[in-house]
Amino acid sequence: MLDEAGWSRPVSMNRRDLDHLERRELQLTIMAAAVVFILAGALALFMYPLVFVHPDENSKWTLRVAFVGFCVLTLLFVAYLFDRQRTVAKLKQQIIEELERNIELRIQACADLLQTMPDVNHFWDRFAMEFRRAMTMQRTLSLLLVKVKPGLRSLDQADNAKAWSEAAKGMSRRLRPTDSIYRLAANLFGIVLPQTDTTNANRVAMRLQAELQDVSIRHGFSFTTSVHNYPEHVNSAHELEDIVRSLLPETVESDVPVSTR
């Protein structure tokens with residue numbers, strides 16, 4: 001089943017529960033085989049005097065053939081039960097391995113998507129170009145910042161990559177062709193909205209919040225958005241740059257080119 005972000009939503013599995021179910025199924029198979037063996041053995045014991053001790057001379061060999069055939073069929077049925085158990089266990093293991101392989105491929109796809117996203121260096125170049133264009137043509141320019149806050153539930157690196165990837169895909173679907181999205185830091189996205197006033201930028205932010213709500217519920221994160229507009233909120237590029245740098249980690253902030261500052 002595909003979720004809204006376009007990813008196949010895997011069934012939540014617990015290895016301990018799977019092992020427990022596997023043991024229960026093996027126990028049921030052993031119990032079924034034991035019941036069949038006991039009932040068949042009891043019936044064979046009742047048949048034995050009639051077949052071998054006090055046989056009817058007219059049907060002696062027919063009864064003996066039927067007795068041997070009954071015992072052989074019983075053994076074959078018990079063997080079938082165990083062979084079926086082994087075959088089903090092998091198929092389940094193959095399905096689990098295939099599912100784990102698919103999950104690893106999706107995680108790798110998430111990581112690849114995040115790595116191919118424009119980073120903070122591309123953001124500074126695009127921002128500088130759009131700001132100069134807005135000043136020259138006397139148009140508006142909005143900057144939408146989306147910050148991800150981890151929730152109470154701690155996730156590993158793979159789950160984080162999947163959450164960031166789903167968030168990026170969801171936001172990209174809601175943007176116009178002229179807009180551009182960047183991953184400024186591990187938990188910060190920046191969206192440049194050319195020729196967008198504050199009202200329309202807030203509408204874009206509401207659409208993104210609606211898109212991110214499902215990701216937030218599934219992965220236990222919260223998202224906050226902030227809109228900064230030129231010339232309504234700031235009057236220069238340095239003011240917008242200071243706002244962005246205040247949200248960046250020190251390691252990322254130090255990578256900002258001097259020419260952009």
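Note that the numbering runs from 1 along the sequence shown for the chain.
Below 30°, between 30° and 60°, or above 60°: for Y230 and F131 the angle between ring planes is between 30° and 60°, a tilted geometry.
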Report task. Evaluate side-chain contact (heavy atoms from CB on, under 4.5 Å) for R183 paired with F123, printing each intermediate quantity in order. Result -> CA-CA 8 Å; R183 194 182 187 204; F123 167 78; over 6 Å; no
Query raised in the report: Between I191 and Y182, does a side-chain contact (heavy atoms from CB on, under 4.5 Å) hold up when you go through it step by step?
Result: CA-CA 6 Å; I191 304 172; Y182 305 86; over 6 Å; no
Report task. Dump the intermediate steps for side-chain contact (heavy atoms from CB on, under 4.5 Å) on L141 and V192, then the final yes or no. Result -> CA-CA 8 Å; L141 174 66; V192 179; 3.9 Å; yes
Query raised in the report: Checking side-chain contact (heavy atoms from CB on, under 4.5 Å) for the pair D197/N200: CA distance, chi angles, key distance, verdict?
Result: CA-CA 6 Å; D197 55 18; N200 290 325; 3.1 Å; yes
Report task. Just do the salt bridge (Lys or Arg N to Asp or Glu O under 4.0 Å) check on K92 and E25 with the steps written out, would you? Result -> CA-CA 12 Å; K92 287 182 178 179; E25 186 172 355; 2.6 Å; yes
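F223 places none of its side-chain heavy atoms less than 4.5 Å from the side chain of L208. Contact of the V146 side chain with the M171 side chain is registered, since non-hydrogen atoms from C-beta on lie closer than 4.5 Å. For the pair L184/F189, no side-chain contact is recorded, criterion being any heavy-atom separation below 4.5 Å from C-beta on. At least one side-chain heavy atom of T199 sits under 4.5 Å from a side-chain heavy atom of R203. Side-chain contact between L26 and Q85 is present, with at least one heavy-atom pair separated by less than 4.5 Å. Within the 4.5 Å cutoff, the side chain of Q93 has no heavy atoms near those of the K90 side chain. Looking at L145 and L143, their side chains come closer than 4.5 Å, going by heavy atoms from C-beta outward. Residues R126 and P194 have side chains in contact (heavy-atom distance under 4.5 Å, counting atoms from C-beta outward).
Using modelled atom types and a 3.5 Å distance limit, the side chains of S142 and N229 yield a donor-acceptor pair. For the 3.5 Å distance criterion, the side chains of R84 and T29 fail to qualify, holding no donor opposite an acceptor. Side-chain polar atoms of D119 and H122 form a donor-acceptor pair below 3.5 angstrom. Between the side chains of T225 and Q209, at least one donor-acceptor pair of N or O atoms lies under 3.5 Å.
Residues I30 and V36 share a hydrophobic cluster, clusters being chains of Ile/Leu/Val/Met/Phe/Trp/Tyr side chains in contact below 4.5 Å. Cluster annotation: Y80 and F82 are assigned to the same hydrophobic cluster (Ile/Leu/Val/Met/Phe/Trp/Tyr, side-chain heavy-atom contacts under 4.5 Å, transitive). Linking Ile, Leu, Val, Met, Phe, Trp and Tyr whenever their side-chain heavy atoms come within less than 4.5 Å leaves F67 and L75 in two separate clusters. In the hydrophobic clustering of ILVMFWY residues, with side-chain heavy atoms under 4.5 Å counting as a link, L63 and L43 come out together. Both M135 and V234 are part of a single hydrophobic cluster, where members link through side-chain heavy atoms under 4.5 Å apart.
No donor-acceptor distance shorter than 3.5 angstrom exists from the side chain of T74 to the backbone of V72, with no hydrogens or angles considered.
With rounding to the nearest 0.5 Å, the separation of CG in L240 from CD1 in I243 is 5.5 Å. Rounding to the nearest 0.5 Å places CZ of R174 at 10.0 Å from CG of L212. Note that NE2 of H233 and OG1 of T140 are 11.5 Å apart. Values are rounded to the nearest 0.5 Å. In this structure, R207 CZ and L175 CG are separated by 8.0 Å, a value rounded to the nearest 0.5 Å. For the atom pair L193 CG and T198 OG1, the distance stands at 10.5 Å (nearest 0.5 Å). Rounding to the nearest 0.5 angstrom, the gap separating the CD atom in Q138 from the CZ atom in R133 is 15.5 Å.
Residues satisfying the salt bridge (Lys or Arg N to Asp or Glu O under 4.0 Å) criterion with K147, sequence neighbours excluded, are absent altogether.
The number of heavy atoms from other shown groups lying within 6.0 Å of CZ (F37) does not exceed 12. Summarising the local packing, CE of M129 is surrounded by more than 12 heavy atoms from other residues, nucleotides or ligands at distances under 6.0 Å.
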